[in-house]
Amino acid sequence: MGREKEAKGDAKTKHKSTKLKRLSDRESAGAGEHSAEKTTSAEKTKSTKKTANGKSHKKVKTPKTESVEAASSASEPVKQEPPDDDDFTTKKKGLKRKRIKDEPVEGISQSPASPTLKKENKEHGHEGGSDEDAPKKKSKKRTEKTVKKEEGEHPVAKKPKRTKEEIEEARQLKIKKKEEEEQNRWRWWEEEKYEDGVKWKFLEHNGPYFPPEYQPLPDNVLFYYNGKKVKLSPTAEEVALFFAQMLDHEYTTKKVFRENFFKDWRKEMTDEERTLIRDLEKCDFGEMHAMHKAKVEARKNTTKEEKQALKEANEKIVDEYGYCLLDHHKERIGNFKIEPPGLFRGRGEHPKQGMLKKRIQPEEVIINCSKESRLPVPPAGHRWKEVRHDNSVTWLASWTENIQGSIKYIMLNANSKLKGEKDWEKYEVARKLKTCVDDIRNQYLRDLKSKEMVTRQRAVALYFIDKLALRAGNEKEEGETADTVGCCSLRIEHITLHEQLDGNECVVEFDFLGKDSIRYYNKVPVIRKVFKNLRLFMENKQPGDDLFDRLNTNVLNKHLSSLMAGLTAKVFRTYNASITLQQQLKELTTKSDNVAEKLLSYNRANRAVAILCNHQRAPPKTFEQSMANLQAKIDTRKEQLALAKTELKQAKKEAKNKGSSDPKLQTMVERKKAAVKRCEEQLLKMEVQATDREENKQIALGTSKLNYLDPRISVAWCKNVEVPVEKIYNKTQRDKFAWAIDMTEADFEF
DNA sequence: GTAAGGACTTAGAATGAACATA
DNA sequence: TATGTTCATTCTAAGTCCTTAC
């Protein structure tokens with residue numbers, strides 16, 4: 001990235017000790033007059049970044065809303081105000097990356113698993129209900145939809161219409177299935193918790209699923225170097241294919257990606273290949289790319305039978321590897337597949353993008369299960385790296401990946417006990433914060449005047465974390481990952497101070513790349529004490545220097561845990577997200593609204609949180625078109641409504657003229673009234689949908705819904721305003737939040 | 001006290017399936 | 001039936017925070 005090349009210096013050293021020592025001599029001094037100069041320099045650096053870092057062809061995340069801070073009062077620093085959605089949606093533009101499909105999974109080369117797991121599952125009665133596997137779920141879903149269709153909306157052509165009895169029967173079956181599912185669910189939340197540190201007492205599984213071995217290309221698909229045919233060795237060919245498959249993707253145009261790929265590819269070549277292939281520019285992957293595209297196309301055009309066969313093969317894999325037995329309950333595994341080899345796709349300007357992510361062998365995999373369980377069998381001719389029996393952790397298998405050297409885990413699905421319990425605990429900690437948040441806020445406001453620099457920095461950082469829901473911001477190793485920051489790792493170049501801006505005083509302008517290289521841009525009026533402190537922290541520093549040079553997440557979290565057990569920086573995000581949802585729902589919902597309007601309110605409340613947490617998404621590619629289509633439908637419906645109204649008027653007139661005794665005319669009036677009403681309802685529904693979609697254009701609601709919003713708030717809201725919970729949570733979400741759906745009453749308060 | 005390692009959560013993109021419309 | 005659109009699921013990178021080793 002261009003920015004850090006300019007700004008990088010010793011000042012940007014990441015390690016804590018250095019960071020703390022480095023600026024020890026800067027402690028003194030009040031707000032200096034250099035700050036204006038510094039700001040200018042920071043600004044300059046920033047603008048260089050914007051043009052030079054290549055963001056224009058990446059995930060371009062344009063300015064985020066200013067609504068959150070604009071609405072909040074500088075004198076009430078910690079109050080979360082409702083954001084102005086319209087403001088947000090009109091401000092952002094974005095380009096979505098082109099996507100490319102990965103190599104199709106062909107064939108299954110797995111050792112047959114022992115039947116013990118399945119047998120045990122049956123014995124424990126968990127093969128049905130909530131334990132159905134994904135494909136089964138899908139087929140069930142389709143049945144529901146078909147039933148719905150057949151219940152009278154649009155009969156499918158040529159299909160014989162079912163009788164009322166059959167429809168009723170299907171409905172009963174559906175209800176029965178749902179009840180069964182409910183009965184079979186493991187209600188772990190009603191059981192006693194294990195002692196601290198114990199995650200399970202019995203764990204059995206079949207090990208991870210390995211991706212199929214590489215199948216060499218047919219002889220008619222060739223690679224050319226410098227215009228000449230070259231038959232690559234299988235290993236070199238496999239890596240070349242990874243690149244060829246990505247040719248439509250923007251990644252392959254990036255210098256870093258190309259260089260990393262080429263370097264790693266050459267390592268996989270034979271001596272002879274390495275001598276010959278020296279320049280990526282001279283490589284022609286055209287035929288390999290074409291073959292890949294043809295495969296994708298062919299997959300799209302598979303017949304029903306082929307699709308069915310593929311589905312069944314997949315189901316078999318899920319049945320065998322997708323579940324485990326945890327304390328004798330069948331639980332779904334979240335990611336039971338070993339990650340296949342490929343080229344590393346780091347986000348943002350990742351220095352390691354394009355590197356070869358190697359194929360994982362069983363010899364690299366550690367298995368974790370019960371001593372007394374049936375051990376998973378490694379694929380034929382292989383063995384595990386290690387089998388251990390550690391019930392203080394939740395993972396089933398792990399391996400070390402070669403890009404960052406970090407450990408990857410096979411873990412349970414979000415609907416499992418282990419994940420659910422932790423989730424519940426997380427929200428309980430956030431609720432506990434509610435009871436002491438006022439004291440904590442008062443304390444950090446007092447700390448803004450502390451004599452100690454570290455305390456002041458901590459206070460300002462906390463102010464940001466609390467008010468803006470910033471992430472903690474751990475230190476990162478330079479050159480290992482994309483240059484992104486959070487609160488504690490903010491640098492001078494990331495903020496600009498404005499005495500006056502847009503009619504506000506003491507405005508801080510933030511502009512930095514956060515997690516996943518998503519841009520955070522915000523202009524926030526702050527209280528004067530914070531503003532003055534920031535000016536102090538920025539004195540005599542370069543754009544690449546740390547803003548909080550005395551602070552890191554460790555120091556911050558230690559302080560927080562002394563204020564409340566279990567309190568860390570992250571808890572503020574959960575707390576503020578959940579409390580915002582609760583407040584917004586209260587504010588926005590009217591009991592007399594219809595369901596569509598209530599759902600719009602829910603989505604708006606959800607959106608307020610997503611904006612607060614800066615959860616952005618690239619606008620859907622087809623957004624404009626689909627909005628235009630919806631508008632056209634609205635216009636048509638409006639015309640229909642006008643017509644229906646005229647007809648009603650006419651009918652009323654006729655009924656009046658001929659006297660109200662004519663029952664036929666009265667029926668006609670009633671019918672026309674109903675038609676008008678129906679039209680109006682449909683129109684309203686569409687208009688609500690259009691508003692919702694427009695407001696949602698660039699905001700991802702899913703992340704906050706899944707990770708930050710206490711589900712009990714939503715469930716209680718559903719109960720209070722009589723909205724079926726199915727309207728806000730799909731099947732997967734209902735499974736994940738089963739504990740909350742089951743235990744929450746309408747009077748729940750976060 | 002600090003760096004490194006480990007375990008876990010959070011995140012958006014990619015992919016696939018279902019559904020709607022022409 | 002083909003094609004476009006939406007929604008759900010999968011994938012795995014990138015965070016947080018705690019523990020361990022020195």
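Side-chain atoms are counted along with the backbone in the values below, which use heavy atoms only and exclude waters and symmetry mates. Lettering of chains follows the sequences in order, A, B, ..., and the numbering in each one begins at 1. As the structure is a prediction and not an experimental result, all values here were calculated from the model.
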Q) A/Arg617 has a side chain; which of B/dA13, B/dC8, B/dG16 sits nearest to it? A) B/dA13
Q. What's the closest nucleotide to the A/Glu339 side chain, out of C/dA13, C/dC17, B/dA13?
A. C/dA13
(Q) What is the distance, to the nearest angstrom, from the NE2 atom on A/His615 to the P atom on C/dA14? (A) 16 Å
Q: Answer with base, sugar-phosphate or nothing: what part of the nucleic acid does A/Thr481 contact at a heavy-atom distance below 4.0 Å?
A: nothing
**Q.** Nucleotide nearest A/Ile407 when distance is taken to its side chain, options B/dA13, B/dG6, B/dC8
**A.** B/dG6
Q) Within less than 4.0 Å of OP1 or OP2 of B/dC8, is there a side-chain N or O belonging to A/Lys199? A) yes
Q. Taking only side-chain nitrogens and oxygens of A/Asn474, does any of them come within less than 4.0 Å of OP1 or OP2 of C/dT16?
A. yes
(Q) Side chain of A/Lys337, heavy atoms from C-beta onward: which of B/dC8, C/dT16, C/dC11 has the nearest atom to it? (A) C/dC11
Q: Test for a donor-acceptor pair under 3.5 Å between the base of B/dT10 and the side chain of A/Lys515, counting only N and O atoms.
A: yes
Q: Using a cut-off of strictly less than 4.0 Å, decide whether A/Ser406 has a side-chain nitrogen or oxygen near OP1 or OP2 of B/dG5.
A: no
Q: Report which part of the nucleic acid A/Gly473 touches: base, sugar-phosphate, or nothing (heavy-atom distance under 4.0 Å, all strands).
A: sugar-phosphate
Q.
Can you tell me how the ring of A/Phe512 sits relative to the ring of A/Tyr520, calling it parallel under 30°, perpendicular over 60° and tilted otherwise?
A. parallel
Q: Send over the distance from A/Asn335 CG to B/dA11 P, rounded to a whole Å.
A: 18 Å
Q: Using heavy atoms to find the nearest nucleotide of DNA chain C for A/Gly566 and A/Gly334 separately, return the residue whose nucleotide is more 5′.
A: A/Gly334
(Q) At less than 4.0 Å, is any side-chain N or O atom of A/Asn707 found next to OP1 or OP2 of B/dT9? Yes or no. (A) no
(Q) Of the options B/dT9, B/dT10, C/dC17, whose atoms approach the side-chain atoms of A/Thr568 most closely? (A) C/dC17
(Q) Between C1' on B/dT15 and CZ on A/Arg345, what's the gap in Å once rounded to a whole number? (A) 11 Å
Q: Check the distance between C/dC18's C1' and A/Lys558's NZ and give it to me in whole angstrom.
A: 11 Å
Q. Under 30°, 30 to 60°, or over 60°: which ring-plane class applies to A/Phe243 and A/Phe261, parallel, tilted or perpendicular?
A. parallel
**Q.** A/Gln404 side chain near C/dA14 phosphate (N/O to OP1/OP2, under 4.0 Å)
**A.** yes
Q.
Measuring from the side chain of A/Lys476 (C-beta onward, heavy atoms only), which nucleotide among C/dG15, C/dT12, C/dT16 has the closest atom?
A. C/dG15
Q) Among A/Arg573, A/Lys570, A/Lys426, A/His615, which residue meets the side-chain hydrogen bond (donor to acceptor under 3.5 Å, both in side chains) test with A/Tyr708? A) A/Arg573
Q. Can you check the A/Gln353 CD to C/dA14 C1' distance for me, whole Å?
A. 15 Å
Q: Taking all non-hydrogen atoms of both residues into account, name the closest pair between A/Leu203 and A/Asn368 and its distance.
A: CD2-O, 3.6 Å
Q. Between A/Phe510 and A/Tyr521, is the gap from one ring center to the other below 6.0 Å?
A. no
**Q.** Candidates C/dG15, B/dG12, C/dC17 - which lies nearest the side chain of A/Asn557
**A.** C/dC17
Q | Candidates B/dT9, C/dG15, B/dA14 - which lies nearest the side chain of A/His249 | A | B/dA14
Q: Please lay out, stage by stage, how A/His350 and A/Phe257 fare under the test ring-ring contact (aromatic ring centres under 6.0 Å, His included).
A: CA-CA 9 Å; A/His350 201 294; A/Phe257 187 93; over 10 Å; no
**Q.** Separation of atom NZ in A/Lys422 from atom P in C/dC18, rounded to whole Å
**A.** 10 Å
Q: Look at the aromatic rings of A/Tyr729 and A/Phe737 and report parallel, tilted or perpendicular, splitting at 30° and 60°.
A: tilted
Q) Between A/Val393 and A/Arg471, who's closer to the 5' end of DNA chain B by nearest nucleotide? A) A/Val393
(Q) If you assign each of A/Lys357 and A/Asn413 to its closest nucleotide in DNA chain C, which residue comes earlier from the 5' end? (A) A/Asn413
**Q.** C/dA2 phosphate, OP1 or OP2, under 4.0 Å from A/Lys300 side-chain N/O
**A.** no
Q) Does B/dT9 have OP1 or OP2 sitting under 4.0 Å from an N or O in the side chain of A/Tyr708? A) no
**Q.** Proximity to the side chain of A/Trp395 - top-ranked nucleotide from C/dA8, C/dA14, B/dC8
**A.** B/dC8
Q. Within this structure, what is the CG-to-P distance between A/Leu709 and B/dT10, rounded to whole angstrom?
A. 11 Å
**Q.** Short side-chain N/O contact from A/Lys731 to OP1 or OP2 of C/dC7, under 4.0 Å
**A.** no
Q: To the nearest Å, give me how far apart OH (A/Tyr209) and C1' (C/dC11) are.
A: 15 Å
